[in-house]
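Structure first, then comments.
Numbers restart at 1 for each chain; the letters A, B, ... are given by sequence-line order, proteins then strands. What you are looking at is a predicted structure, and each value in this text was computed from that prediction instead of being measured.
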Amino acid sequence: MDIKKIKAAIECMLFVSGDPVSLKDLSAALAIDQSTLKKIINQLIDDYKDITRGIKIVEINNSYQLCSKTELYEFVEKLLKPKAKIGLSQASLETLSIIAYKQPVTKSVIDSIRGVKSDACIARLLEKDMIKEVGRMDGPGRPILYGTTNTFLRLFGLKNINELPPIKDLF
Amino acid sequence: MDIKKIKAAIECMLFVSGDPVSLKDLSAALAIDQSTLKKIINQLIDDYKDITRGIKIVEINNSYQLCSKTELYEFVEKLLKPKAKIGLSQASLETLSIIAYKQPVTKSVIDSIRGVKSDACIARLLEKDMIKEVGRMDGPGRPILYGTTNTFLRLFGLKNINELPPIKDLF
Amino acid sequence: MSINIKLEVFEGPFELLFHLIEKDKIDIYDIPIAKITAQYINYIKMMQSLDIDLASEFLVMAATLLEIKSKMLLPKTSKEDEVQEEDPREDLVKKLLEYKAYKDISAILKQKLMENEKALCKDSSLADEIIDSFALPDRLSIEILMDKFKELMNKKQSHKDLENNRIYRDNITVEDKMVEVLKALSLEKTVYFDDLIMECINKLEAIITFLAILELIKQRRIYVEQTNNFDKIIVRRR
């Protein structure tokens, strides 16, 4: 295979994967031995240093991942800031609203209402101290129950959780 | 700002976003007027045609999104194992065609053209984010009106709804 | 001796009619209605003899065909009438052509989809991550949260309605709910009674869920257990 096409294929695979991809997996997909492939990836890493490129390849433990260039972060911030005046992504806001109204609630209920996995959002809301674990449900697996924190109450100007505005037709 | 750096910033922002980004938002983040920016993006779209590149920019309703190149799909498939294709049945495709050309359209119009109930097809198309509710019709029952989504445009390789292939003029 | 019958399955009456028309290379603008009606009814009879469930739409079309046939048999009163009278087949032909136009275009769209679905994009979790790393303002409006929750619940409601083949005003039935509970149990061996109730949109749905669970227990399709008083109730499939 032409080296140019190999480079394109590597970029394509790393882009779609999002996560780090091991040299081994790349080598298998391309049917090229690992040492040759490694040389090509190193060339590609150099190609990305070009000033017109906004992304780069980072190597972590013999795996590769596409990342945005740190020196361009200001533009990312300018793009995303107006979308996130409240400092929460749409996904996290959705997750937080379910936890606020249905607490104590398990991750599986949140997932089922949102229709997608909420693991990452829950992790980030925990980190921001907006939610906390409030206990575990009895029964198999003993899943964690989540509820809101005092930080949450303070930020939303509530004295306690009963002050959440009621939602008609819901209970 | 140097045009090379603008290109890098565009790539960086589109990469981070994942979702389509509107020309307006890009223009605000870069502080460049929309018509100049549009020219630069068109240049960038050409740059991506280079054989060493594995990704491309697609335009959807005046928004831009990064996608992998179709001709490199085989490698993605090998790497990430056969991920389920969109998989639309003939019935769902018919329903989608009617919605695409007649939008905004109610279920009863779709049913009458197809001669059968389309509930299941509509549910599947909503689930796959190919169509969405775009409002309700005035009058008894206020039936839901359906239209296509940006996901539909992207998956069918259309910049906007005017790019739909012409349908035989019958009426 | 076994008989092999190759039976085509048609999605709806238009599809079946088109099959009959194309099979005999009939001019769509001049359909021999008596012949087509006979063939159409034969097909329906065959389906019924094989115990295949026929959608009511097929029977409606049979009635329409018979009506057109009888209209065409009526003697024309005078030559002038003939000029003015519209062809009883006209409506049907119009509908068939419209259906055909969309059927044809769906084949073209399918081609486009097969090509373009191979262009994959990246999920937006990186952007979510960056947005969530921004500092929270000192004060947030609770309305944002309430609106988001309402939006989510409404979205879920309308999807559920469609899945259950119901018009949005209609009430959910116990039978629908039984299917839903069994579906939930087909994904996981056990579900919590609380979760089934908590996912409900309103009180009515919660009551119906409760009735559905009772009915499923009675039919011995699920069983329910509780280890200690006040423990969470677990629903299991049999």
Does [X] have more than 12 heavy atoms from other residues, nucleotides or ligands lying within 6.0 Å of its [atom1]?
| X | atom1 | answer |
| --- | --- | --- |
| C:Asp138 | CG | no |
| A:Asn61 | CG | no |
| C:Lys95 | NZ | no |
| C:Lys23 | NZ | yes |
| A:Lys107 | NZ | yes |

How about [X] and [Y]: do any of their side-chain heavy atoms sit closer than 4.5 Å?
| X | Y | value |
| --- | --- | --- |
| C:Leu152 | A:Ser97 | yes |
| C:Asp128 | A:Arg124 | yes |
| C:Met153 | A:Tyr101 | no |
| A:Lys128 | C:Leu136 | yes |
| C:Phe149 | A:Glu94 | no |
| A:Gln90 | C:Lys148 | yes |
| A:Phe152 | C:Leu145 | yes |

Please report the closest heavy-atom contact between [X] and [Y], naming both atoms and the distance.
| X | Y | result |
| --- | --- | --- |
| A:Gly87 | C:Pro137 | N-CD, 4.4 Å |
| C:Lys122 | A:Phe15 | CB-CZ, 3.7 Å |
| A:Pro143 | C:Tyr192 | CD-OH, 3.7 Å |
| C:Arg139 | A:Gly157 | NH2-CA, 3.4 Å |

Inset, instruction - Just give me the residue among A:Val76, A:Val109, A:Ile86 that pairs up with chain C most often, heavy atom to heavy atom, under 4.5 Å. - result: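 Ranked by heavy-atom pairs under 4.5 Å with chain C, first place is A:Ile86.
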
Inset, instruction - Decide whether a cation-pi geometry holds between A:Lys81 and C:Phe134; the criteria are a distance under 6.0 Å from NZ or CZ to the six-membered ring centre and an angle within 45° of the ring axis. - result: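 Judged by the rule, A:Lys81 and C:Phe134 form a cation-pi pair.
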
Legend entry - Rounded distance [0.5 Å steps], CG in A:Asp19 versus OG in C:Ser125: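 Reported to 0.5 Å precision, the distance equals 8.0 Å.
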
Inset, instruction - Measure the spacing between CD1 of C:Ile144 and CG of A:Leu88 and express it to the nearest 0.5 Å. - result: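 Rounded to the nearest 0.5 Å, the CD1-CG separation comes out at 8.5 Å.
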
Inset, instruction - Please determine, among C:Asp147, C:Ile131, C:Ile130, the option with the most heavy-atom pairs under 4.5 Å with chain A. - result: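 Max contact count across the listed options: C:Ile131.
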
What part of [X] lies closer than 4.5 angstrom to a heavy atom of chain C: side chain, backbone, both or neither?
| X | answer |
| --- | --- |
| A:Thr106 | side chain |
| A:Ala120 | neither |
| A:Ser108 | side chain |
| A:Leu158 | side chain |

Inset, instruction - Look at the side chain of C:Asp132 and the backbone N and O of A:Ser89, then say whether any donor-acceptor pair between them is shorter than 3.5 Å. - result: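 Here the side-chain-to-backbone pair exists.
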
Is chain A contacted by the side chain of [X], its backbone, both, or neither, given a heavy-atom distance below 4.5 Å?
| X | value |
| --- | --- |
| C:Ala127 | both |
| C:Ile142 | both |
| C:Glu129 | both |
| C:Thr190 | side chain |

